[in-house]
Amino acid sequence: MRILLAEDDEPLGRAVRAGLVQAGFSVDWVRDGVAAWNELSVTPYHAAVLDLGLPRQDGITVLRRLRAERSTIPVLVLTARDAVEDRVAGLDGGADDYVVKPVDLVELAARLRALIRRSAGQSTALLESAGLSLDPAARSVQLDGTAVALSPREFDLLHVLMLAGGRVLTREQIEEQLCAWGRELESNSIEVYVHRLRKRLRPELLRTIRGVGYAIGGSAP
Ligand code: CA
């Protein structure tokens, strides 16, 4: 899952990015509100972590612009411990959740997983489809009740497809949702991972829609 992090405090930004990468997220990090807006306008992130006190354009303004543009991206704001009014302004401005500084990285990752799950229309902690059960927190997968060992990349690909809930994703959309800046995949990587996933799961669980992309699900198109 790909996240945009907007935080101008270098040590905090570094720590948050490292913590989220550790939890399995792909993270792009910007240091001001204008850059945050620009990136959120062009990249289909699964969620954003937004500091409210940002240079060039504050976090609340970025948030209000996003919601004015009808963006439904889950947004979690970072606020100072004592700033109740910031939390209220964030939530009223369209934030879905907040975490107070100093940031507990385990809590932040858990809250992001919950936001992303809910935005995909899932209320339970597990993503389930056609005998598959994926646990984003434990990063584990079961097929018909039996654990399946996947590499991190295979897990991430399956996660993106399951979040799409049967919708077809193009190879470009999958790449955008998997890869942070500077970590682009080689040109045929998605095909390779799909091929491996089919072998580890059941071939028919991953549909190829020729010339279009891939989807999770049982029947052929
Ligand atoms: Ca700040």
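In listed order, ligands and their atoms are each counted from 1.
Taking CZ of Phe155 as the reference point, atom CE of Met162 lies at 9.5 Å (rounded to 0.5 Å). Separation of atoms OG (Ser151) and CG (Asp156) is listed at 8.0 Å; rounding is to 0.5 Å.
Checked by atom type, the side-chain pair Ser41/Asn38 shows no donor-acceptor distance below 3.5 Å.
The pair Asp28-Arg17 fails the salt-bridge criterion, with no side-chain N (NZ, NE, NH1 or NH2) lying under 4.0 Å from an Asp/Glu carboxylate O.
Side-chain N or O atoms of Arg207 include none that pairs as donor or acceptor with a backbone N or O of Gly217 at under 3.5 Å.
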Report task. Evaluate the salt bridge (Lys or Arg N to Asp or Glu O under 4.0 Å) criterion for residues Arg65 and Glu69: first the C-alpha distance (whole Å), next the side-chain angles of each, then the deciding distance (0.1 Å), finally the verdict. Result -> CA-CA 6 Å; Arg65 285 180 75 185; Glu69 299 276 332; over 6 Å; no

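Tally of protein N, O or S atoms closer to the Ca ion (ligand 1) than 3.0 Å: 3.
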